[in-house]
Amino acid sequence: MYALVDCNNFYVSCERAFQPRLEGRPVVVLSNNDGCIVSRSAEAKALGIAMGEPLFKVKALVEQHGVQALSSNYALYGDMSGRVMSYLATQAPELEVYSIDEAFLSLHGMEPYFGSLESYARQIQTEVKRRTHIPTCIGLAPTKTLAKLANRVAKKDASLGGVLLLDSPERRQWALGRVPVEDVWGIGRQYATKLYNLGITTAAGLARCSEAMARKHLGGVVGARLVRELQGYPCHRLNPSEDGTLARQSIACTRTFGRPLAQFEDVMGAVASFASRAAEKLRRQESAASVLTVFLSQNRFGNTPPPHTRSAQVTLPVATSHTSELVRFARALLGRLWQPGVVYVKAGVILDGFEQGGQEQLSLFATDGGERAARLMQKLDALNQRYGKGSVQVATALGGGPSNSTTPWKGQQQRRTPAYTTSWDELWQVG
DNA sequence: TCTGGGGTCCTAGGACCC
DNA sequence: TCTGGGGTCCTAGGACCC
């Protein structure tokens, strides 16, 4: 049996945990540059504000109803997520951190300790709320896909109190019948359209599909597994996390610029900064990357015909997590992509092809002073940990040229709340 | 005027190797 | 000249997730 624990409206709930005045009011949290709506309170949803909607499109609604629109504060959300996950890790033999606000728990052998798995789930729900002020919903079922589905039903049906256990064929059928096919985990826009055209509109209908049909219309083996999972046969195992964090297979740092850029050194400043942040994440999980990708995007909402994004990739001679090395290769890739006269709105750096590599790997790299480089990176990370992201950077990550003091690629976050839990300067003031 | 930033898995074709 | 069955790596793209 699996449980899926999902935090309700996570970013909004994090903000509310520190600002009780937001309780009961419509609240939304915005994406980078205050562009799109990425989290909504129940009150905001009730006003008809859609997920992913650009803020400017709902401006009238926001002003009319006094919706609180906040910039995203990932330092806060990451910290709150860590609190939730580390508690959950103590409550089950195995845990998979699936996203910043969701975790799968494996419940093998838990029944004897509780009257039922449902009471176990309610206890978790109560305790997460008490410790973090974050409300959750929990779905329990024999497969991950059914646990997701149970969670969704629990979220929509207030009479369930946020918990649904699917432990019999009857309950399973009941739940399957209540979920539109587009809400099934793994069914997106394209597949939903196809399925509707085939006359399949609910999860129950999808669960009755033949394997051949699933393979034909839902991306081959992926679709076959999806249908099997709905039928109650597990095809996806738990990917356990020892410490409540996730070791990634790829790491990306990408941003839309604060304004369009056409100067190489401006964009290079951004790319260098992305590369060094990606390298920090890489070192944190003690990996070294052997593949580096840089991409550049033009405005996809403008008149320029597609493709709007071009990318270049290099396989490194030796896997590394050293900032300067990665920045040097990133510069070369950017040079390959660069087209003079073109205006760019976004860039990104992606690291791939990970090898295990802590400090030993670092020192393997340069024959001259590899050890020194490794120690430098350690110190860099320690300083940034202490004084905040980007306090200390390698010289190449700073914009060059006369306008050194400005970072033209940086966007605005005008509605950000303080980093209550993570920054010494912004500690919560009582009273 | 203003439109996010991360991730995952799978498929397929071409180059090259034995 | 034609014929076979593998394998790997790279590149690109499509679909999905939060």
Side-chain angles (χ1 to χ4, degrees), chain A residues 4-11 28-40 50-60 62 69 71-74 77-78 81 96-104 144-145 148 151-152 182-195 214-226 235-236 239 246-260 274 277-278 281 285 290-291 293 295 297-302 306-315 345-354 411-415:
Chain A
L4 175 67
V5 181
D6 184 5
C7 300
N8 303 348
N9 316 328
F10 183 60
Y11 299 164
V28 298
V29 172
L30 306 171
S31 64
N32 193 41
N33 291 334
D34 295 342
C36 290
I37 285 153
V38 294
S39 181
R40 306 159 296 155
M51 181 67 176
E53 192 101 34
L55 178 62
F56 74 88
K57 285 192 179 170
V58 290
K59 200 125 199 178
V62 164
S71 300
S72 42
N73 183 346
Y74 286 98
Y77 312 149
S81 174
E96 173 186 339
V97 177
Y98 177 69
S99 73
I100 195 166
D101 65 347
E102 280 175 73
F104 286 102
K144 289 170 110 178
T145 306
K148 280 287 256 184
N151 185 285
R152 183 160 290 262
E182 66 269 26
D183 288 347
V184 171
W185 191 37
I187 301 300
R189 260 221 318 273
Q190 311 288 326
Y191 290 168
T193 305
K194 265 192 199 178
L195 290 169
R215 278 185 187 269
K216 181 164 180 210
H217 297 286
L218 304 177
V221 64
V222 178
R225 289 204 277 249
L226 197 169
C235 301
H236 300 298
N239 303 125
L246 200 54
R248 311 247 172 228
Q249 298 172 40
S250 72
I251 288 172
C253 282
T254 70
R255 283 291 174 286
T256 301
F257 307 139
R259 59 177 170 81
F274 302 158
R277 271 150 65 181
K281 293 188 201 175
Q285 70 169 51
S290 64
V291 176
T293 306
F295 73 80
S297 301
Q298 296 175 254
N299 185 1
R300 67 186 204 277
F301 299 103
H308 300 113
T309 297
R310 297 199 316 136
S311 67
Q313 198 174 71
V314 64
T315 300
V345 301
K346 177 179 179 173
V349 169
I350 303 165
L351 303 178
D352 259 315
F354 293 166
Q412 300 301 309
Q413 285 213 303
Q414 294 176 344
R415 307 150 182 266

S.K.: Give me the first and last nucleotide of DNA chain C, going 5' to 3', that has any atom under 4.0 Å from a heavy atom of chain A.
M.R.: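 Here the contact window of chain A covers C/dC10 to C/dC18.
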
S.K.: Identify, between A/R255 and A/R225, the residue whose nearest nucleotide on DNA chain B lies closer to the 5' end.
M.R.: A/R255

S.K.: Using a 3.5 Å limit on both pairing distances, list the dot-bracket string of DNA chain B from the 5' end; Watson-Crick and G-U wobble pairs count, crossing pairs take [ ], interstrand pairs take |.
M.R.: ....||||||||||||||

S.K.: Looking for any heavy atom pair under 4.0 Å, which part of the strands does A/S311 touch: base, sugar-phosphate only, or nothing?
M.R.: nothing

S.K.: Which part of the nucleic acid does A/E102 contact within heavy-atom distance under 4.0 Å: base, sugar-phosphate only, or nothing?
M.R.: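 Sugar-phosphate: the residue A/E102, judged by heavy atoms under 4.0 Å, touches backbone atoms but no base.
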
S.K.: If the condition is side-chain contact (heavy atoms from CB on, under 4.5 Å), which residues does A/E182 pass it with, not counting sequence neighbours?
M.R.: A/P180, A/A192, A/Y196

S.K.: Given that A/M51 and A/S250 both sit by DNA chain B, which one's nearest nucleotide is further toward the 5' end?
M.R.: A/M51

S.K.: Remember a base hit wins even if backbone is also touched, and classify A/K346 as base, sugar-phosphate or nothing at under 4.0 Å, heavy atoms.
M.R.: sugar-phosphate

S.K.: Checking A/K144 now: which residues fulfil salt bridge (Lys or Arg N to Asp or Glu O under 4.0 Å) with it, not counting sequence neighbours?
M.R.: A/E96

S.K.: Using a heavy-atom cut-off of 4.0 Å across all strands, would you classify A/I251 as base, sugar-phosphate, or nothing?
M.R.: sugar-phosphate

S.K.: For residues 214-226 of chain A, which residue pairs pass the side-chain hydrogen bond (donor to acceptor under 3.5 Å, both in side chains) check, not counting sequence neighbours?
M.R.: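 For residues 214-226 of chain A: A/E211-A/R215.
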
S.K.: Pick the C1' atom in C/dC17 and in B/dG4, then give their distance to the nearest Å.
M.R.: 15 Å

S.K.: List the residues meeting side-chain contact (heavy atoms from CB on, under 4.5 Å) with A/R300, not counting sequence neighbours, and say none if there are none.
M.R.: A/H308

S.K.: Which part of the nucleic acid does A/D101 contact within heavy-atom distance under 4.0 Å: base, sugar-phosphate only, or nothing?
M.R.: sugar-phosphate

S.K.: Apply side-chain contact (heavy atoms from CB on, under 4.5 Å) to A/N9 and list each qualifying residue two or more places apart in sequence or on a separate chain.
M.R.: A/V12, A/S13, A/S39, A/K45

S.K.: Answer with base, sugar-phosphate or nothing: what part of the nucleic acid does A/V184 contact at a heavy-atom distance below 4.0 Å?
M.R.: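 Sugar-phosphate contact only.
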
S.K.: Excluding sequence neighbours, so at least two apart, what forms salt bridge (Lys or Arg N to Asp or Glu O under 4.0 Å) with A/D183?
M.R.: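 Checked A/D183 against salt bridge (Lys or Arg N to Asp or Glu O under 4.0 Å); matches are A/R152.
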
S.K.: Name the nucleic acid region contacted by A/G186, choosing base, sugar-phosphate or nothing; use a 4.0 angstrom heavy-atom cut-off, strictly under.
M.R.: sugar-phosphate

S.K.: I need the A/I37 CD1 to A/L30 CG distance, nearest 0.5 Å.
M.R.: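 Output value for this atom pair is 6.5 Å.
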
S.K.: For A/A103, check side-chain contact (heavy atoms from CB on, under 4.5 Å) against everything at least two apart and list the hits.
M.R.: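 For A/A103, the residues satisfying side-chain contact (heavy atoms from CB on, under 4.5 Å) (neighbours in sequence not counted) are A/M85, A/L88, A/L95, A/L105.
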
S.K.: Parallel, tilted or perpendicular, judged at 30° and 60°: which one describes the rings of A/W185 and A/H236?
M.R.: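 Aromatic pair A/W185/A/H236 classed perpendicular.
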
S.K.: Scan A/L55 against the nucleic acid and name what it touches under 4.0 Å (heavy atoms): base, sugar-phosphate only, or nothing.
M.R.: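 Nothing, no heavy atom under 4.0 Å.
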
S.K.: Any base atoms under 4.0 Å from A/K194, or only sugar-phosphate, or nothing? Heavy atoms, all strands.
M.R.: nothing

S.K.: How is A/Y98 classified with respect to the nucleic acid when contacts are heavy atoms under 4.0 Å: base, sugar-phosphate, or nothing?
M.R.: sugar-phosphate

